[in-house]
Number of protein chains: 2
Amino acid sequence: MQQMQHLIHSSRTIKSQPVARSPRPNPPITEHLAYLLAQANREINRQLEARLRDEGVPVEQWRILKVLSDGKGHSMGDLADEVLLNHPTLTKMIDRMVSDALVYRVQDPDDRRKVLMYSSERGKALTQRLNALALSQEAHIAENYGDKATAELKRLLESLIDAAT
Amino acid sequence: MQQMQHLIHSSRTIKSQPVARSPRPNPPITEHLAYLLAQANREINRQLEARLRDEGVPVEQWRILKVLSDGKGHSMGDLADEVLLNHPTLTKMIDRMVSDALVYRVQDPDDRRKVLMYSSERGKALTQRLNALALSQEAHIAENYGDKATAELKRLLESLIDAAT
DNA sequence: TCGAAAATATTGAACTTTCAACAATTGATG
DNA sequence: CATCAATTGTTGAAAGTTCAATATTTTCGA
């Protein structure tokens, strides 16, 4: 996948400026947290996408398979939150994955409103290959960006999520 | 807007676990940087979206207006990179904004392949109101999450972007 | 226990994004 | 300087997402 990286890079991408400490009246967009998060997410997501392209699977399907790899049944609602998709989007993505025989639906016997999702054997096998690709990306980042910075960034993101949720 | 926040919150959202230091064979999805970034981005973006809803403007249009608020002409290609959209998506979003008289196109006299985008007076007036909304979000985050953590998170995101781009 | 309200998942229509192809212009090379 | 390649932006079709409405099942209060 290494050789795909250049396809993903754009020479026009904004390189960010140092952060101003105190609130300014009209900061450039590159100082907004919302913008920095969107930019970082876009970049990392593209890299992951490029790696997963080996298996022809979109990032969202990796998330679904990964979450289902615990072997337990996940309701559509729970799954939607876990994989960061809203309900109708998930329903339609699951439809495609069912067609590909990666996952299957089971009606929850305890609450017949619910549908429990499970990974098929085919899905589990694919998950293993996808995990290797995802881990290789993590390793690549840690290498380029530093173990310390990576760990610190993860820590800060977790607490931001806790604060914002 | 404050009263909209609860609409945005989902009780099923994954609360993240502490980060493991050394690379594990099969980490949960919540330990992947790509996932944490996507989750944080989604959350912050939703909050910003809720605030901008006062003016009925999607986040991407705020970015466009903000970038164009320097008064200089930006080519479609440059603009696409600056506002984190790909070319055809930007073209169609600009079409809508031209219909709303927020921006206008000018053919670049120095290179007639290029189209230069400018903000209209109406666009500039809207930008000011949007900036106030965006800044109030930044303030809200800094309050809940801490000035120090916010600044540190921004710093780390910038260097991640530099490393990844 | 009955009926209204809430929770869960899906659907169809409207809208948006993406991909591939195209048109126009400029740059580069023999 | 003529042609071929590269750059820039748009378009139409296909694919994907979102919103509002719906159907089904469960929960809860009278």
Side-chain angles (χ1 to χ4, degrees), chain A residues 4 6-13 38 41-42 45-46 49-50 52-53 56-64 73-100 103-118, chain B residues 4 6-12 38 41-42 45-46 49-50 52-53 56-61 63-64 73-100 103-118:
Chain A
M4 296 201 66
H6 75 281
L7 291 175
I8 267 166
H9 175 274
S10 162
S11 54
R12 286 208 214 78
T13 301
N41 180 51
R42 184 175 151 96
N45 209 51
R46 277 180 168 179
E49 204 170 44
L52 299 187
R53 196 163 301 139
V57 172
V59 174
E60 291 78 11
Q61 294 197 10
W62 169 63
R63 289 199 205 125
I64 292 170
H74 293 243
S75 77
M76 291 296 281
D78 288 353
L79 191 55
D81 291 326
E82 289 161 344
V83 303
L84 315 176
L85 295 175
N86 49 27
H87 286 210
T89 307
L90 179 63
T91 292
K92 285 158 193 178
M93 183 151 289
I94 289 289
D95 287 347
R96 285 169 238 146
M97 295 176 79
V98 169
S99 299
D100 293 342
V103 298
Y104 58 93
R105 293 175 159 99
V106 175
Q107 170 142 262
D108 185 341
D110 297 338
D111 183 343
R112 281 151 47 221
R113 289 171 303 182
K114 292 189 183 173
V115 171
L116 299 181
M117 296 304 313
Y118 291 91
Chain B
M4 299 200 64
H6 75 281
L7 291 175
I8 267 166
H9 174 275
S10 161
S11 55
R12 286 208 215 77
N41 179 52
R42 183 175 152 99
N45 209 52
R46 277 181 167 178
E49 204 171 44
L52 299 187
R53 197 163 300 142
V57 171
V59 174
E60 291 78 13
Q61 294 196 10
R63 288 198 206 126
I64 292 171
H74 293 243
S75 76
M76 291 296 281
D78 287 354
L79 191 54
D81 291 326
E82 289 161 343
V83 303
L84 316 176
L85 295 175
N86 50 26
H87 287 211
T89 307
L90 178 64
T91 292
K92 284 157 193 179
M93 184 151 287
I94 289 289
D95 287 347
R96 285 168 240 148
M97 294 176 78
V98 169
S99 300
D100 294 342
V103 299
Y104 57 93
R105 292 176 159 98
V106 174
Q107 168 139 263
D108 185 341
D110 297 338
D111 182 343
R112 280 152 48 223
R113 288 170 303 183
K114 293 188 182 173
V115 171
L116 299 180
M117 296 305 312
Y118 291 91

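Since the structure is predicted, the reported quantities are computational estimates derived from the model, not experimental observations.
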Can you tell me how far P of D/dT10 sits from CG of B/L85, to the nearest Å? 13 Å
Rounded to the nearest angstrom, tell me the gap between atom CG in A/L79 and atom P in C/dA7. 20 Å
Would you say B/S75 places a side-chain N or O within less than 4.0 Å of OP1 or OP2 belonging to D/dG9? yes
Distance col, row B/L79:CG vs B/L116:CG, nearest 0.5 angstrom, shows 10.5 Å
Return no unless some side-chain N or O of B/T89 is found under 4.0 Å from OP1 or OP2 of C/dT17. no
Please collect all salt bridge (Lys or Arg N to Asp or Glu O under 4.0 Å) contacts where either partner lies in residues 84-100 of chain A, sequence neighbours excluded, each pair once. A/D95-A/R105
If you pin B/L116 and A/E60 to their nearest nucleotides in DNA chain D, which one's is more 5'? B/L116
When the C1' atoms of the five terminal pairs at each end define the local axes, what inter-axis angle does the helix from C/dT1-D/dA30 to C/dG30-D/dC1 show, to 10 degrees? 20°
In whole Å, I'd like the distance from the CG atom of B/L90 to the C1' atom of C/dT16. 14 Å
Compare all side-chain heavy atoms of B/V115 with those of B/V106 and state whether any distance is below 4.5 angstrom. no
Any idea which heavy atoms bring A/R63 and A/V83 closest together, and the distance? NH1-O, 3.0 Å
B/H87 and B/A80: which non-hydrogen atoms are nearest, and at how many Å? CD2-CB, 3.7 Å
B/S/- contact track for nucleotides 19-29 of chain D, protein heavy atom under 4.0 Å: BB---BBS---
Quick one: B/L84 CG to C/dT18 P, roughly how many Å, whole number? 12 Å
d(CZ, A/R96; P, D/dA14) in whole Å: 17 Å
Check the distance between C/dT8's P and A/D78's CG and give it to me in whole angstrom. 8 Å
Give the minimum heavy-atom separation between B/N45 and B/V59, together with the two atoms involved. OD1-CG1, 3.8 Å
Protein-nucleotide distance (A/I94, atom CD1; C/dT10, atom P), rounded to Å: 9 Å
Looking at B/R105, I'd like to know whether one of its side-chain N or O atoms comes within less than 4.0 Å of OP1 or OP2 on D/dT10. yes
Nearest heavy-atom pair of A/T89 and A/L85: which atoms, and what distance? CG2-CD2, 4.2 Å
Looking at C/dA9, D/dT10, D/dT17, which one has an atom nearest to any side-chain atom of A/M93? D/dT17
Which atom pair, heavy atoms only, marks the closest approach of A/V57 to A/W62? CG1-N, 3.9 Å
Spacing between A/M117 atom CE and C/dA9 atom C1', to the nearest angstrom: 12 Å
For A/Q107 and A/R112, which heavy atoms make the closest approach, and how far apart are they? OE1-O, 2.9 Å
